[in-house]
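One structure below.
Every value quoted in this text rests on a predicted model; they were computed, and no experiment measured them. Each chain gets a letter, A, B and so on, in the order its sequence line appears, and its residues count up from 1.
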Amino acid sequence: MSNEEIKTNFIHDIIDADLASGKRTQIVTRFPPEPNGYLHIGHAKAICLDFGTAEKYNGKCHLRFDDTNPEAEDEEYVQAIQDDIKWLGFDWGENLFWASNYFDQMYSYAVELIKKGKAYVCELSQEAFKDYRGIPTEPGKEPPGRQNTIEENLALFEKMKNGEFEDGACVLRARIDMASPNLHLRDPALYRIKRAHHHNTGDTWCIYPMYDFAHCIEDSIEGVTHSMCTLEFEVHRPLYDWILQTLEIFQPQQIEFSRLNLTYTVMSKRKLLELVNEKLVDGWDDPRMPTLCGMRRRGFTAAAIRNFCGILGATKVESISEIELFESIVRDDLNETSPRAMAVLDPIKVVLENYPEDQTETFELPNHPKKEELGTRTVPFSRELFIERNDYIDVPPNNKYKGFFVGREVRLRGAYLATCTAVEKDADGNVVFIACTYDPKTKGGSAPDGRKVKGTIHWVSAKHAVDAEIRSYDRLFTEENPLADKEKDFKEFIDPQSLEISTAKIEPVLAQAVPSSRFQFERIGYFCADLDHTPEAPVYNRTLTLRAPRK
RNA sequence: UGCCGAAUGGUGUAACGGUAGCACAAGCGACUCUGACUCGCUUAGUCUAGGUUCGAAUCCUAGUUCGGCAACCA
């Protein structure tokens, strides 16, 4: 696998300039997940940028849980998020932080804002405030309470904190500009009353800071120099800056980049949740999901995901990347690293009529055609074998056909050359078994007389074969962009064939593999032993097929 | 009709005033004990119009198109 070079991008240009000018002398970034769901490949892009940038500049990247909304968040996600980041190969070391650990500090900053006349308690209902905020093309109106004295606001805010108001009775607002063309500057809410049990602070607080107030302060406290986020926060940046400037505290620079979108998938947390809730997939770690746990179960590698994110880079252009690029990078990685083995997915029996009935022999086959260091494995061979049904045909369609037809000699990979002599069919014309003769002088697969054969096919010895459940996964949706059609629900575009379960004949080493091990099933694709896999009941997930010409 | 942002082959990106390059995709071919891998070749791009300049994808102006923004979510 090529090491995932961090390409330069516009963010690094900014950092280079900041370092050159002396504005910054060290680089601190952060990845700030809200513990309210599982990480997906879109998050991986952010993780690679945040951690990758810190790595590139010998800086630090903090992992900070942005746990400011206890209603939405849950402890269950905290460990899963950490596991996923570690799996991707990043390490935050000692730098694990929680927004909730700053609640005291945030509260005093809010008090400070009030003292500066820059915040006030507003008793307008959420609904009523909409009226005052106005619409983009027209200025808003001054809400009642905006002219409260500092003392009044201080007292009211304290009451808010002390639980003297009902949930939603009032909020603390920044006093900025009710006529601003940027709606986020029309006196945004800073604190809301919400009696919810917090996983970290318990019932200490009944008021919680809003994202806009909390996030910039978290970054500032931690000395983050470059705070990267996605494009939709662009219009929040003036507020981010306003809060820190008004508070006169350390000011990180917020830099926005575009989200990762992929063809044939959806990325929004809400939509993924719909798939899970409606049981259209088998949970968050369904191998068709773009979640990191799903992709891991599918057999995709962390290196491929990192490499992919690195190749995509970062820009401010809204884009949708082709899944083909990701798949190509996965294949590159898996081709290098996966041991080979043989499995027959659609078996049909071959009988080598001149091979002794009770004989069994074994072959030591290399696990990788180009990497000797991956070693060899023992593969048993006997008179009856399984081969793929489509490796026999009555009449070859073209001269590229590799398989058997009557009279055709092919190579049984790593074993012998064999010639098809006859085929046995049932009343309906279905092939029951194929009769062949093998050439004992071709042991190992090459003929002493130097004759060439057109094809090499894979096989499994019938009496040694183990039945395995194969879960063949494919792209979840039939449309490149399942969200493009506004008339239809994206779930209508789910491909019913995105999971097909079958039973295969696999060679013994594949049964013995431990869960999560990856193989290339020769001539078929890349497979990964599922979490459910046991030697007695093997289960393999298809990660990807081998590259194949389009049908 | 307000504000913010973005426009380079089919897709994702690079070029930082000096030969528009790379990868994926697509097509053709070679090689092959995997129709894989590998290798060779081909197709294809600077949103438009002006301007500055010896020279513009890059700077300026105007326009066009696309995206985001009106949670007590993040």
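Within 4.0 Å of A:Arg186, counting heavy atoms only, lies no atom of the nucleic acid at all. A:Pro238 comes within contact range of no nucleotide atom at all, as no heavy-atom separation falls under 4.0 Å. Looking at heavy-atom distances under 4.0 Å, A:Ser446 makes contact with a base. Note on A:Ile524: nothing from the nucleic acid sits closer than 4.0 angstrom, heavy atoms only.
For the OP1/OP2 pair of B:rG5 and a distance below 4.0 Å, the side-chain nitrogens and oxygens of A:Arg237 include no atom meeting the criterion. OP1 and OP2 of B:rU34 both lie 4.0 Å or more from every side-chain N or O belonging to A:Thr456.
Straight-line distance from the OH atom of A:Tyr264 to the P atom of B:rU11: 14 Å, rounded to whole Å. We find that CD1 of A:Ile387 is positioned 16 Å from C1' of B:rG35, with the value rounded to whole Å. Atom pair A:Glu336:CD and B:rA36:P shows a separation of 16 Å (rounding to whole Å applied). Whole-Å rounding puts the A:Phe257 CZ to B:rG12 P distance at 17 Å. One can place CG of A:Asp391 at 10 Å from C1' of B:rG35, the figure rounded to the nearest angstrom. Across the protein-nucleic acid pair, A:Leu312 atom CG and B:rC22 atom C1' stand 14 Å apart, rounded to whole Å. For the pair A:Leu365 CG and B:rU34 P, the computed distance is 13 Å after rounding to whole Å. The interatomic distance linking A:Glu234 (CD) with B:rG2 (P) rounds to 19 Å, in whole Å.
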Go through the steps to decide whether A:Glu256 and A:Gln254 satisfy the test side chain to side chain donor-acceptor pair (under 3.5 Å), and finish with yes or no.
-> CA-CA 7 Å; A:Glu256 310 85 13; A:Gln254 176 179 302; 3.0 Å; yes

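Spacing between B:rC31 and B:rG67 at atom C1', rounded to whole Å, works out to 47 Å. Nucleotides B:rU46 and B:rA6 place their C1' atoms 15 Å apart, quoted to the nearest Å. Taking the C1' atom of each, B:rU11 and B:rU52 are spaced 34 Å apart, rounded to whole Å. Taking the P atoms as reference points, B:rC69 lies 38 Å from B:rG27, given to the whole Å. Annotation: B:rG17 and B:rA49 have their P atoms spaced 24 Å apart (nearest Å). Spacing between B:rA15 and B:rG9 at atom C1', rounded to whole Å, works out to 15 Å. If you take atom P in B:rU48 and the same atom in B:rU58, they sit 10 Å apart, rounded to whole Å. Spacing of P atoms, B:rU8 relative to B:rU13, comes out at 9 Å, to the nearest Å.
Comment: A:Glu327 does not engage A:Arg547 in a salt bridge, judged by the lack of any side-chain N to carboxylate O separation of less than 4.0 angstrom. By the 4.0 Å N-to-carboxylate-O rule, A:Glu336 lies close enough to A:Lys371 to be salt-bridged with it. Looking at A:Glu361 and A:Lys443, a side-chain N of the basic residue comes within less than 4.0 Å of a carboxylate O on the acidic one, giving a salt bridge. Using a cutoff of 4.0 Å between basic side-chain nitrogens and carboxylate oxygens, A:Glu222 and A:Arg64 are scored as salt-bridged. One finds a salt bridge joining A:Asp167 and A:Arg195 here, because a Lys/Arg side-chain nitrogen approaches an Asp/Glu carboxylate oxygen to under 4.0 Å. Salt-bridge check for A:Asp177 with A:Arg186: failed, with every basic side-chain N at 4.0 Å or more from each acidic carboxylate O.
Looking only at distances, a side-chain donor or acceptor of A:Ser258 sits under 3.5 Å from a matching main-chain atom of A:Val317. Side-chain atoms of A:Ser461 never come within 3.5 Å of backbone atoms of A:Leu385 as a donor-acceptor pair (strictly under, hydrogens ignored).
Between A:Phe363 and A:Tyr416, the ring center distance clears the sub-6.0 Å criterion.
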Can you check each nucleotide of nucleotides 68-74 of chain B against protein heavy atoms at under 4.0 Å and return B for base, S for sugar-phosphate only, - for none, in 5' to 3' order?
-> BSBSBSB

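Both the sub-6.0 Å distance and the 45° axial angle are satisfied by A:Arg173 relative to the ring of A:Phe129.
Syn is the glycosidic conformation of B:rA71, whose angle stays within 90° of 0.
Side-chain to base pairing of A:Glu256 with B:rG5: no donor and acceptor N or O lie closer than 3.5 Å to each other. Residue A:Glu324 places no side-chain atom within donor-acceptor reach of the base of B:rU11, judged by atom type and a 3.5 Å distance cut-off alone.
Across B:rG35, B:rU34, B:rC24, the shortest atom-to-atom separation from the side chain of A:Ser328 is found for B:rC24. Side-chain proximity of A:Asn398 to B:rG35, B:rA36, B:rC24: nearest is B:rG35. Between B:rA25, B:rG10, B:rU13, one nucleotide has an atom nearer to the side chain of A:Glu322 than all others, and that is B:rG10.
Taking for each of A:Lys400 and A:Glu138 the nucleotide of RNA chain B with the nearest heavy atom, the 5'-most of the two is the partner of A:Glu138. A residue-by-residue look at A:Arg523 and A:Val317 shows that A:Val317 has its nearest nucleotide of RNA chain B further toward the 5' end.
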So what is the 5' to 3' dot-bracket string for RNA chain B, if pairs are Watson-Crick or G-U wobble with both distances under 3.5 Å, crossing pairs use [ ] and | means the partner sits on another strand?
-> .((((((..((((....[..)))).(((((.......)))))....(((((..]....))))))))))).....

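Under the 30°/60° scheme for interplanar angles, the aromatic rings of A:Tyr208 and A:His198 are found to lie parallel.
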